[in-house]
Amino acid sequence: MTDLAYQRCIHPSCGATASLDDTSFQCAACGSLMDVAYDWDRLHPPKNLREFEAKWSRRSEPLEVSGVWRFRELFPFARDEQIMTIGEGQTLTQRSDSVAKFAGMNSGRLFLQYEGMNPSGSFKDNGMTAAFTHARMVGARRAACASTGNTSASLAIYCAATDLMRAVIFIGSGKISYGKLAQALDHGALTVQIAGDFDDALARVQQISKKLGIYLVNSVNPFRLEGQKTIMYRILEALRWEVPDWIVVPGGNLGNTSAFGKAFIELVDLGLIPHAPRLAVINAAGANTFFQLYERQGLRWNGGRLDQGRVDAYMHGMDAANARANTLASAIEINRPVNLPKALRAVDRCGGVVREVTDQEIMDAKAKVAAGGLGCEPASAASVAGAKKLRAEGVIGADERIVCILTGHQLKDPTATVAYHSADPKTFEEVLGTRGIRRANFANRAVQVPNDLDEIIKAIEVYA
Ligand SMILES: *Cc1c(COP(=O)(O)O)cnc(C)c1O
Ligand SMILES: [Zn+2]
């Protein structure tokens, strides 16, 4: 292998490689997931992460203002002129003492990584810019994904902004939030709604992209994960290159979990950080495959020799019971996480833990995040609900430094938010009661007043 960057099977015992332009995203020898790999001995990785600070003065250049590509020396698979950026990754690492208090942490110890600031409103843009760049490198004319919403919104915006490719989007019926569907339609993506859920749509899109030769941008695509690594670089940068104690992330298809793990493994191997932070992955209780397999059944990465029989048995069990993922947090409503092996590797190398949180805990945490000044969608708040749980268990210490990833913007899913704050029991019941949510513990209800000046003034004096 003479290429500086290539693809490599994730299993050390296989280790089969493929060239950079392979778009099957599957090991030809054993069928496993692929990594993007680098010949670091012949590349020039930075000697110190502080070298990235020099780029702050070059923010007028598109590749340096991108919060993804200014770290491209840490995922050097594309030449500068091949890179497609729309200014993604200019996000915020914000200390939140009110959320810290809610989670039982000491003041100054909890940070929120707000990825809702991306062009399409979710962290997906970090990965999409990298996959889109790869699609361009291989000359793709069409790109497809199955999506619970945010991947399609992201693909649609990159296609619209660059006019290089046609976006083909597969969604399940009924389960997509309006904010996300609005984006796909408004940005002009071909939107195919199939009768079935996300897991069905994902199986179909893989079939169809193979048959028609359409470039696949789902999270089996290892190039997306390369872009998502930069979320961790930005956190380190915001913390002045100090490694936090914990990263807490919602787990759906486990792309972020995998990408974060790979980022830290590489930084440790390159000698750029002394050790990895611990990783806490938070499932919704209604879509808790990773929690079940890792915490309840003891499934481990085991140096790449994971117990596939156990995984298969679990999946077959779900089929037999006709189990469907079910959570209000639609972005993590996934029962068959495609990145499971990579996520196992990540939690293995980062001393990880996996937890599940209920929709009740998610929606209450979401209200607290918003009351603290950052709006997120339900799935994102799983990170904060999970941090609170791990703190209560004593797994996370009150004085440890933790970063919760807020994966998507508040306005992605206004239906759940409005129902949570609504005074109308019928609205509450339809949207939240059916998900097992009993009370909106932190509701901020609209105040009903007659259209009368004195009454209105009286109400304001009472409530504000
Ligand atoms: C996609 C998504 C997730 C799940 O991320 P994975 O990498 O698939 O685990 C969580 N939150 C939001 C808002 C998302 O869009
Ligand atoms: Zn292999």
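Both ligands and their constituent atoms are indexed starting at 1 by order of listing. Basis for what follows: all heavy atoms, side chains included, without hydrogens, waters or symmetry-related copies. The shown structure was predicted, so the numbers you read here are calculated from the model rather than taken from an experiment. The chain is numbered in sequence order, starting from 1.
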Query raised in the report: Nearest to atom 7 (O) of ligand 1, what protein heavy atom do you find, and at what distance?
Result: N256 N, 2.8 Å
**Report entry** Distance from atom 5 (O) of ligand 1 to nearest protein heavy atom, with residue and atom
**Finding:** F123 CZ, 3.6 Å
Query - Sub-4.0 Å atoms of ligand 1 with respect to non-hydrogen atoms of K124 - result: 1 (C), 2 (C), 3 (C), 14 (C), 15 (O)
**Report entry** Geometric cation-pi criterion K229 and F75, 6.0 Å radius, 45° cone
**Finding:** no
Requested in this report: Report yes or no: is the cationic atom of K368 (NZ for Lys, CZ for Arg) closer than 6.0 Å to the six-membered ring centre of F442, at no more than 45° off its axis?
Outcome: yes
Query raised in the report: Of all the atoms in H11, is at least one N, O or S atom closer to the Zn ion (ligand 2) than 2.8 Å?
Result: no
Query - Any N/O pair T407/ligand 1 closer than 3.5 Å - result: yes
Query raised in the report: Is there a nitrogen or oxygen of G255 sitting under 3.5 Å from a nitrogen or oxygen of ligand 1?
Result: yes
Just to be sure I read this right, does ligand 1 sit under 4.0 Å from the backbone of [X], its side chain, both, or neither, counting only heavy atoms?
X    : result
E377 : side chain
A331 : both
N253 : both
N339 : neither

Query raised in the report: Which option out of A153, G252, S154 puts a heavy atom nearest to atom 9 (O) of ligand 1?
Result: G252
Query raised in the report: To the nearest 10°, what's the angle at the Zn ion (ligand 2) between atoms SG (C30) and SG (C9)?
Result: 100°
Requested in this report: Say whether R234 and T230, considering side chains only, have a donor N or O and an acceptor N or O under 3.5 Å apart.
Outcome: yes
